[in-house]
Amino acid sequence: MRVPDPVMSDLQRLLRLASDVVTPEELARRLDEAGRAGRRLRVKFGIDPTFTQVHVGHAVPIRVLRLFQELGHLPVLIIGDATARLGDPTGRNEQRPPLSAEEVEHNAATYLDQIGRILDLSAGACEVRRNSEWFGAMDFFDGLRLAAHATVARLLERDDFQQRQDRRLPIHLHELMYPLMQGWDSVMVRADVELGGNDQLFNLHMGRQLQEREGQPPQVCFTTPLLLGTDGRKMSKTYGNHLPLTAPPDEAFGKVMSLADDAMADWFRLLTPLEPEEVEAVLAGHPRAAKARLAREIVAWLHDAEAAAAAEAEFDRRFRDRQLPSEVPELSLPGGERPLPALLKEAGLTASTSEARRLIAQGGVRIDGRAAADPNETVVLGAEAVLVQVGKRRVARLRGS
RNA sequence: GGGGAGAUACCGAAGUGGCCAAACGGGACGGACUGUAAAUCCGUUGGCUCCGCCUUCAGUGGUUCGAAUCCACUUCUCCCCA
């Protein structure tokens, strides 16, 4: 067996996590040059402080950043505070509400806190910048000069804009500037590589273009695959199919178990440290077992191995063996008799009495294990706890006080 | 600046005076099946003191026995022309 050339092997490790790289040859050359010159590559990644909950889909590029870091390079995190403050003035686009300086700072802090679980953010290991640093100093003419670098047709090619055009939704002028701003960030930090999700390729190219015009070597664009959510669609908070980094063990385990089979390979490759051969072996087995393995890996990553084992035991108990969760929340309500729908609503198990009635009619409500059939039935709440189940997931023990 | 079109429930989209709490599709939820999969099938999807009642169709104010549907104004959007 031949001893692998270290640079090639680094490259392979990186490319394994990539969706598109423009270009792999350039990346190889830079890694090689940096290695020879003893220089760290500046690997840029922009974060948008418009939301605070990071999910495992966001974690993919961050893990690549981490890999770069492990290989001796320097992650450069750009907090897009200037862009976030601008937002989408109509407030309709929930992805881009205009934020106050305080909100931006708060979001950035929580964001960094979560990223810090994956990446070493200490001073020497990582550089954190805010783009207000340079955009704050630019005047209107500087902005216009920047705008002169791109054509409208080009900017409108973006998928998001295309869709809004088709659906006749508003596109604001300043939104067209976002790619340019992001590109300018690359110029200002002299990025060697920029990371981003698959949908970011256009913006990353913009960075290349601007750097070239400014006489800098154009950055390598490195995009990571978009992770599929638990329902097989692109993972996104708006679809509710995301797994937050901060999800408690039981929830995380359950979400992974409800993942589509086809998504498992990507999840293994992008979110676990397993080697390719091992992933293959696991996937060759029973899908249920493979997914359980995946769920353990994910929970162990987000929490620890112990939490993973406990979460699996709890999951099996509840859903495989169809038993009650080991810990059923207890709730004390004013004692006395009341109609079942009112009780469900009061206990927060349903959103309304109407919903409760529907669920009862559909056989989704159980009292002490017995299916309730009559929406008009009443329940007496006393010292003795009543076990109430709504669907498969909502359970509580209620007692009167 | 001028002209035209439009704003309907979580989303998309019908409905253009009573039969509309509002078709249909997606999503979501419940049930069956299961590997809590996926797919499939059935059902539900404004609220309530629920076989009846109450509040919704951008906002405000009108017309009418009666308005999501007609009129006026307001706000927002899209398209075309300049």
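Within every chain, numbering begins at 1; the chains are lettered A, B, ... in the order of the sequence lines, protein sequences first and strands thereafter.
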- To the nearest angstrom, how far is A/Trp267 atom CH2 from B/A38 atom C1'? 16 Å
Taking only N/O atoms, report every protein-nucleotides 78-82 of chain B pair under 3.5 Å with atom names and distance.
{"residue": "B/C78", "atom": "O2'", "partner": "A/Arg168", "partner atom": "NE", "Å": "3.4"}

- Contact class for A/Arg394 vs. all strands (heavy atom < 4.0 Å): base, sugar-phosphate, or nothing? sugar-phosphate
- Parallel, tilted or perpendicular: which fits the ring planes of A/Phe315 and A/Phe253, with parallel below 30° and perpendicular above 60°? tilted
- Between B/C33 atom C1' and A/Lys392 atom NZ, what is the distance in whole Å? 9 Å
- Task: Applying ring pair (Phe, Tyr, Trp, His ring centres under 6.0 Å), name anything that partners A/Phe268, two or more places apart in sequence or on another chain.
- Result: none
Side-chain donor-acceptor pairs under 3.5 Å in residues 388-399 of chain A, sequence neighbours left out?
{"residue": "A/Arg394", "atom": "NH1", "partner": "A/Leu349", "partner atom": "O", "Å": "2.9"}
{"residue": "A/Arg399", "atom": "NH1", "partner": "A/Ala383", "partner atom": "O", "Å": "2.8"}
{"residue": "A/Arg399", "atom": "NH2", "partner": "A/Glu330", "partner atom": "OE1", "Å": "2.9"}

- Length of the CG-C1' vector between A/Leu344 and B/G30, whole Å: 13 Å
- Message: Tell me every residue that passes salt bridge (Lys or Arg N to Asp or Glu O under 4.0 Å) with A/Asp185, counting only those two or more places apart in sequence or in another chain.
- Response: none
- Members of residues 320-338 of chain A that approach RNA chain B, where some heavy atom sits under 4.0 Å away: A/Arg320, A/Arg322
Please tabulate, for side-chain N and O atoms in residues 141-156 of chain A, each donor-acceptor pair with protein atoms closer than 3.5 Å (sequence neighbours left out).
{"residue": "A/Asp142", "atom": "OD1", "partner": "A/Arg145", "partner atom": "NH2", "Å": "2.8"}
{"residue": "A/Asp142", "atom": "OD2", "partner": "A/Asp139", "partner atom": "N", "Å": "3.0"}
{"residue": "A/His149", "atom": "ND1", "partner": "A/Arg213", "partner atom": "NH1", "Å": "3.0"}
{"residue": "A/Thr151", "atom": "OG1", "partner": "A/Arg154", "partner atom": "N", "Å": "3.3"}
{"residue": "A/Arg154", "atom": "NH1", "partner": "A/Gln209", "partner atom": "OE1", "Å": "3.4"}

- In residues 287-301 of chain A, which residues come under 4.0 Å of RNA chain B by heavy atom? A/Pro287, A/Arg288, A/Lys291
- Note on the structure: Residues at least two apart in sequence or cross-chain that pass side-chain hydrogen bond (donor to acceptor under 3.5 Å, both in side chains) with A/Arg190, listed by chain then number, are none
Name every donor-acceptor pair, under 3.5 Å, that has one atom in a side chain of residues 284-301 of chain A and the other anywhere in the protein, sequence neighbours excluded.
{"residue": "A/His286", "atom": "ND1", "partner": "A/Arg288", "partner atom": "N", "Å": "2.8"}
{"residue": "A/Arg288", "atom": "NH2", "partner": "A/Asp316", "partner atom": "OD1", "Å": "3.3"}
{"residue": "A/Lys291", "atom": "NZ", "partner": "A/Leu259", "partner atom": "O", "Å": "2.6"}
{"residue": "A/Lys291", "atom": "NZ", "partner": "A/Asp261", "partner atom": "OD1", "Å": "2.7"}
{"residue": "A/Arg293", "atom": "NE", "partner": "A/Glu297", "partner atom": "OE2", "Å": "3.1"}
{"residue": "A/Arg293", "atom": "NH2", "partner": "A/Glu278", "partner atom": "OE2", "Å": "3.3"}
{"residue": "A/Arg293", "atom": "NH2", "partner": "A/Glu297", "partner atom": "OE2", "Å": "3.1"}
{"residue": "A/Arg296", "atom": "NH1", "partner": "A/Glu312", "partner atom": "OE1", "Å": "3.0"}
{"residue": "A/Arg296", "atom": "NH1", "partner": "A/Glu312", "partner atom": "OE2", "Å": "3.1"}

- Going 5' to 3' through nucleotides 48-56 of chain B, assign each nucleotide B (protein heavy atom under 4.0 Å from a base atom), S (under 4.0 Å only from sugar-phosphate atoms) or - (no protein heavy atom that close). BSB------
Tabulate protein N/O versus nucleotide N/O from nucleotides 43-45 of chain B, keeping only pairs under 3.5 Å, one per line.
{"residue": "B/G43", "atom": "N2", "partner": "A/Gln362", "partner atom": "OE1", "Å": "3.0"}
{"residue": "B/G43", "atom": "N3", "partner": "A/Gln362", "partner atom": "OE1", "Å": "3.0"}
{"residue": "B/U44", "atom": "O4'", "partner": "A/Gln362", "partner atom": "OE1", "Å": "3.1"}

- Distance in angstrom units between A/Asp262 CG and B/A39 P, rounded: 11 Å
- Query: Taking atom P of B/G35 as reference, at what distance in whole Å does atom CZ of A/Phe253 sit?
  - Reply: 16 Å
- Rounding to the closest angstrom, what is the interatomic distance between B/U8 and B/U77 at atom C1'? 15 Å
- Aromatic plane relationship, A/His58 with A/Tyr111 - under 30° parallel, 30 to 60° tilted, over 60° perpendicular: tilted
- Residues passing the salt bridge (Lys or Arg N to Asp or Glu O under 4.0 Å) test with A/Glu105, sequence neighbours excluded, are A/Arg130
- Of the listed B/C29, B/G35, B/U77, the closest approach to the A/His172 side chain comes from B/U77
- Note on the structure: When rounded to whole Å, the CE to P distance for the pair A/Met264 and B/G35 reads 15 Å
